Amino acid sequence: MATGYITTIAKKYPTYRDEPLKTVDRWLDGKRVDDGAEGLWRVHDTLYDLTDFIERHPGGSEWIRLTKGTDITESFETHHITTRAEGMLAKFKVRAATTPRSVGLTFHDDGFYRTLKKRVRDKLKDIDYTPVKQSKLIIDSLVATAFGLAFLAIRMQSYALAMASGLFVCWTMIAAHNFFHQRDNWRMLTFNLAFSSYRHWRVSHAMSHHNFPNSILDLEISYFEPFFCWLPNPATKNTIKRFASWVYGPFVYSMLLYGEFFKRVVESYSTGKNTFYLDDLVTFILPSFLYVVGATGLWEVIKMWLFIVSVASFSFGLIGINAAHHHPKAVHDGDRIPKDIDYAVYQLAAVIDRSDTKGSLFMVLTSFGDHCLHHLFPTLDHAILPQLYPVFFETCREFETVYREMPWLQHIIGQHKQLARIDTMTYNPSEKFRA
């Protein structure tokens, strides 16, 4: 445990964070220790019993079932834009919480986030939802193209075509991320095409990373340690960790999706708790397809399938790790930020958007684009986010908070600089941005 470690938004060092095997179940267990929810569900400073609502939750039962015993304030605020859920919550109230919240993010009625949410709520009444059909068409086309290229690759024994298939598998999985944030739907299952699990990502990405980006509560930070150490902590970040990752980084990218699978195998074996579900069989649809249409031996199918997964993994890592967060100008745990920072201001501090994806829904869906607005309103389809920029920029100006963006190349360069960074910086929300 990092004794005396001062965090950015966490008021205490997270329980179980330093255990060697970092998993979504252990992260949730730690929150049950730290959050003061007393076995119930905590929203702000009140405890609720949502047991009878689990199966009736419109977004799907897992969101509620998994979070029992934790503080769900950030998820509740960002996943419910209308006032309906807040109105329903009162009938599940049990009592006031006995301890302060363990996270220093605020949601004041006159603060940035709630002001923006009110404006977005009004905007959604008049918004054009027809682009959502294009989102669905894009991901369906990506899946079809990935399988079509895989078919040609196995029939022609072409690893060049297999590489192209791997890229489309990657793009499909990234686009599926748009859908697993929403209420249960079949397109979210395509995230499982290459060893990953949308179920686990709903915790590690939606509940952990989205709510607490670049902090010690962010599983997408701790998962990569000690291979990638983005936090500017000189006590734990030696020269090898700072610079060797520049060299072995591409290998880590290539093993990323395999690592997800093997970690779950180890967890299932070591804890005796099965972490696999029926929908994990989606992973084996592509190799089964290759075997049926390939007119070749099983070993050739396995080799080509693993090559496709490796390409998908490398591409997923390259795109995802360099998407929006890991630049020296993005706040990371240990950097200095305003006390009791508003949730939206913190998201703006930890996110720097990609400027080169703007205006292209295909680019946005396949590269985690429109990242800041997506963090603020994750359940909204990416296709309608561009229509929210006017009210978003208006709110940024009102609260004197700078929205930042840069091209992808600068993100890649900055990500490597962040790996080497050990000195802390001070974030000023109104400071003009220079890449």
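Note that the structure is predicted; figures quoted are calculated from it, not measured. Numbering of residues begins at 1 and proceeds along the displayed sequence.
- Few gaps surround NZ on Lys118; more than 12 heavy atoms of other groups in view lie less than 6.0 Å from it.
- One side chain, Ser310 or Tyr258, offers a donor N or O that lies under 3.5 Å from an acceptor on the other.
- Evaluated for a side-chain contact (heavy atoms from CB on, under 4.5 Å) with Lys117, the options Thr82, Ile81, Thr395 yield exactly one hit, Ile81.
- Under a cutoff of 6.0 Å and an axis angle of 45°, Lys263 and Tyr223 form a cation-pi pair.
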Practice task
Just do the salt bridge (charged side-chain N to carboxylate O under 4.0 Å, His left out) check on Lys358 and Glu405 with the steps written out, would you?
Solution key: CA-CA 10 Å; Lys358 292 289 197 298; Glu405 59 182 355; 3.1 Å; yes

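- Judged purely by distance below 3.5 Å, without hydrogens or angles, the side chains of Asp335 and Thr8 never pair a donor atom with an acceptor atom.
- A donor-acceptor contact shorter than 3.5 Å is absent between the side chain of Arg264 and the backbone of Asn274.
- Between Lys329 and Glu431 there is no salt bridge, since no side-chain nitrogen of the basic residue lies less than 4.0 Å from a carboxylate oxygen of the acidic one.
- Taking both residues in full, the closest heavy atoms of Gln387 and Lys123 are given as O-CE, 3.3 Å, listed atom of the first, atom of the second, then distance.
- A salt bridge links Glu77 to Arg114: at least one charged side-chain nitrogen sits closer than 4.0 Å to a carboxylate oxygen.
- For Asp122 and Arg119, the salt-bridge test fails: no basic side-chain N is under 4.0 Å from an acidic carboxylate O.
- Between Phe92 and Tyr48, the ring centre distance reaches or exceeds 6.0 Å.
- Ion pairing between Asp184 and Arg202 holds under the 4.0 Å rule for side-chain N and carboxylate O.
- A distance below 6.0 Å separates the ring centres of Trp171 and Phe168.
- Between Phe107 and Tyr113, the ring planes are perpendicular. Angles over 60° get that label, and only those under 30° would be called parallel.
- Across Pro378 and Thr78, no two heavy atoms sit closer than the pair CD-O, 3.7 Å.
- Using a 3.5 Å distance cut-off with no hydrogens or angles, the side chains of Asp381 and Tyr129 do not pair a donor with an acceptor.
- In the model, Thr424 has a side-chain atom that pairs as donor or acceptor with a side-chain atom of Arg336 under 3.5 Å.
- Side-chain rings of Phe180 and His177 approach one another, their centers coming within less than 6.0 Å.
- A side-chain N or O of Ser102 and one of Asp35 form a donor-acceptor pair less than 3.5 Å apart.
- Residue Glu400 places its CD atom among 12 or fewer non-hydrogen atoms of other residues, nucleotides or ligands, all under 6.0 Å distant.
- Open room surrounds CZ on Phe251; 12 or fewer heavy atoms of other groups in view lie less than 6.0 Å from it.
- Inspection of the His371 and Asp353 side chains reveals no N or O donor paired with an N or O acceptor under 3.5 Å.
- Residues Arg95 and Glu38 are paired through a salt bridge, judged by an N-O separation under 4.0 Å between the basic side chain and the carboxylate.
- Between Tyr427 and Tyr346, the distance from one ring center to the other does not fall under 6.0 angstrom.
- There is no side-chain donor-acceptor pair under 3.5 Å between His332 and His325.
- Closest approach of Leu193 and Thr172 over heavy atoms only: CD1-CG2, 3.8 Å.
- The side chain to side chain donor-acceptor pair (under 3.5 Å) test with Asn322 is passed by exactly one of Gln415, His411, Arg354, His327: Gln415.
- Side-chain polar atoms of Asp71 and Thr73 form a donor-acceptor pair below 3.5 angstrom.
- A donor and an acceptor atom, one from each side chain of Ser268 and Thr275, are located under 3.5 Å apart.
- Looking at every heavy atom in both residues, Thr15 comes nearest to Asp34 through OG1-OD1, 2.7 Å.
- Taking the six-membered ring where the residue is Trp, His205 and His210 present perpendicular rings, their angle passing 60° and hence far from 30°.
- Note on ring orientation: taking the six-membered ring where Trp is involved, the planes of Phe191 and Trp201 are tilted (angle from 30° to 60°).
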